[in-house]
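Only this structure's heavy atoms are used, side chains among them; waters, hydrogens and symmetry mates stay out.
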Amino acid sequence: MYAIVEIAGQQFKVAKDQKVYVHRLPEAEGSKVTFDKVMLIEDKGNVTVGAPAIEGAGVTAKILGHLKGDKVIVFKKKRRKGYKKKNGHRQYLSEIQIESIAASGVKAAKKAEPKKAEAKKEAPAAEAKAESKDLSSMTVAELKALAKERGITGYTSLKKAELIEALS
């Protein structure tokens with residue numbers, strides 16, 4: 001049995017008890033992680049393909065450790081110009097071990113909803129006050145966009161001072 005799963009923005013073909021090096025995960029060493037973006041599951045010849053992911057499927061893994069990968073050398077050169085740059089880096093990785101692959105019964109991880117909804121309700125009142133003060137610091141293009149939002153006609157031919165006057 002194997003699965004193709006998306007982990008940290010990359011797709012991996014994983015099987016039970018397999019060790020995989022993935023981009024650094026924010027969880028601590030020794031913790032268990034469930035990945036719910038399973039694209040494909042193969043079980044004894046039965047292949048299930050998701051569109052794009054299989055609902056209810058999940059892969060559970062244990063984080064064995066955090067480490068750095070091998071050094072990658074980045075060398076840039078332009079011939080006959082005297083230009084050479086040598087740079088390098090070591091990628092931060094996490095070593096995980098796949099513990100189980102479940103075809104169904106895994107609940108999708110709920111992402112914390114940002115508190116922008118509350119801020120959006122308060123923002124229009126504060127935005128109106130801030131815009132009246134900041135109109136002179138805005139560019140002509142920003143002023144024209146604001147005029148378009150407010151439904152002012154003939155804003156395309158107006159100069160900056162005229163736009164500020166029309167928006168005030």
Side-chain angles (χ1 to χ4, degrees), residues 1-78 85-128 130-131 138-139 141-152 155-156:
M1 177 177 204
Y2 72 86
I4 296 178
V5 100
E6 184 177 323
I7 302 171
Q10 292 183 321
Q11 293 180 8
F12 293 91
K13 179 181 175 183
V14 296
K16 190 175 187 301
D17 297 328
Q18 179 183 4
K19 291 182 181 177
V20 182
Y21 292 99
V22 298
H23 287 300
R24 180 71 57 105
L25 297 172
E27 288 82 10
E29 291 183 17
S31 63
K32 293 189 179 187
V33 185
T34 302
F35 305 106
D36 58 350
K37 286 192 174 182
V38 180
M39 313 312 185
L40 180 140
I41 294 179
E42 187 276 333
D43 187 21
K44 299 175 187 168
N46 296 332
V47 178
T48 307
V49 180
I54 301 170
E55 293 291 324
V59 173
T60 306
K62 181 179 180 182
I63 298 177
L64 300 177
H66 297 300
L67 53 123
K68 289 172 81 172
D70 294 336
K71 188 160 197 171
V72 177
I73 303 296
V74 180
F75 185 74
K76 298 178 182 181
K77 179 181 178 179
K78 294 187 180 179
K85 292 279 184 197
K86 184 176 179 182
N87 204 343
H89 73 283
R90 293 180 67 189
Q91 193 69 39
Y92 292 101
L93 301 173
S94 293
E95 183 181 16
I96 62 172
Q97 183 170 13
I98 306 301
E99 292 187 335
S100 67
I101 299 172
S104 62
V106 177
K107 294 181 181 178
K110 292 183 180 179
K111 295 182 179 178
E113 294 181 19
K115 297 181 181 181
K116 291 181 180 178
E118 296 172 10
K120 286 182 182 179
K121 292 176 185 176
E122 299 168 7
E127 215 173 280
E131 284 177 5
M138 296 174 80
T139 64
E142 292 169 337
L143 290 170
K144 287 184 179 182
L146 187 60
K148 185 177 181 181
E149 285 178 16
R150 293 190 182 173
I152 298 172
Y155 64 88
T156 55

Distance, nearest 0.5 Å, that separates [atom1] of [X] from [atom2] of [Y]:
X	Y	atom1	atom2	value
E149	K144	CD	NZ	15.0 Å
L64	S94	CG	OG	10.0 Å
K68	R24	NZ	CZ	9.0 Å
I4	E42	CD1	CD	10.0 Å
E55	T48	CD	OG1	13.0 Å
H23	Y92	NE2	OH	14.0 Å

Work out which heavy atom in [X] is nearest to a heavy atom in [Y]; give both atom names and the distance.
X	Y	result
A28	H66	C-NE2, 4.1 Å
I41	A3	CG1-CB, 4.2 Å
I54	V49	CG1-C, 4.2 Å

Q) Pick one: which of V22, T60, L25 meets side-chain contact (heavy atoms from CB on, under 4.5 Å) with F35? A) L25

Q: Assess whether side chain to side chain contact (heavy atoms under 4.5 Å, CB included) is satisfied between K71 and H89, documenting all intermediate values.
A: CA-CA 6 Å; K71 188 160 197 171; H89 73 283; over 6 Å; no

**Q.** K16 bridged to E99 by N-O distance under 4.0 Å
**A.** no

So [Y] and [X], do their side chains get closer than 4.5 Å, heavy atoms only?
X	Y	value
L146	I152	no
L40	V47	yes
L67	E95	yes

(Q) Run the side chain to side chain contact (heavy atoms under 4.5 Å, CB included) test on V14 and V20 for me, step by step, so that the C-alpha distance in whole Å, both residues' side-chain angles and the decisive distance to 0.1 Å come before the verdict. (A) CA-CA 8 Å; V14 296; V20 182; 4.0 Å; yes

Q. Under 3.5 Å, is there a donor-acceptor pair between the side chain of E29 and the main chain of I63?
A. no

Q.
Can a donor-acceptor pair be found, under 3.5 Å and without considering hydrogens, that links the side chain of E142 to the backbone of T139?
A.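 Here the side-chain-to-backbone pair exists.
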
Q | Heavy atoms of other groups near D70 CG, more than 12 under 6.0 Å | A |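 No, because the 6.0 Å sphere around CG of D70 holds 12 heavy atoms or fewer from other groups.
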
Q) side chain to side chain contact (heavy atoms under 4.5 Å, CB included) between V59 and V38: does it pass, once the steps are laid out? A) CA-CA 7 Å; V59 173; V38 180; 4.0 Å; yes

Q. Is K86 close enough and on-axis enough to F75, meaning under 6.0 Å and within 45°, for cation-pi?
A.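 Cation-pi check for K86 and F75: fails.
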
Q: Show your working on side chain to side chain contact (heavy atoms under 4.5 Å, CB included) between M39 and E6 and close with a plain yes or no.
A: CA-CA 7 Å; M39 313 312 185; E6 184 177 323; 3.2 Å; yes

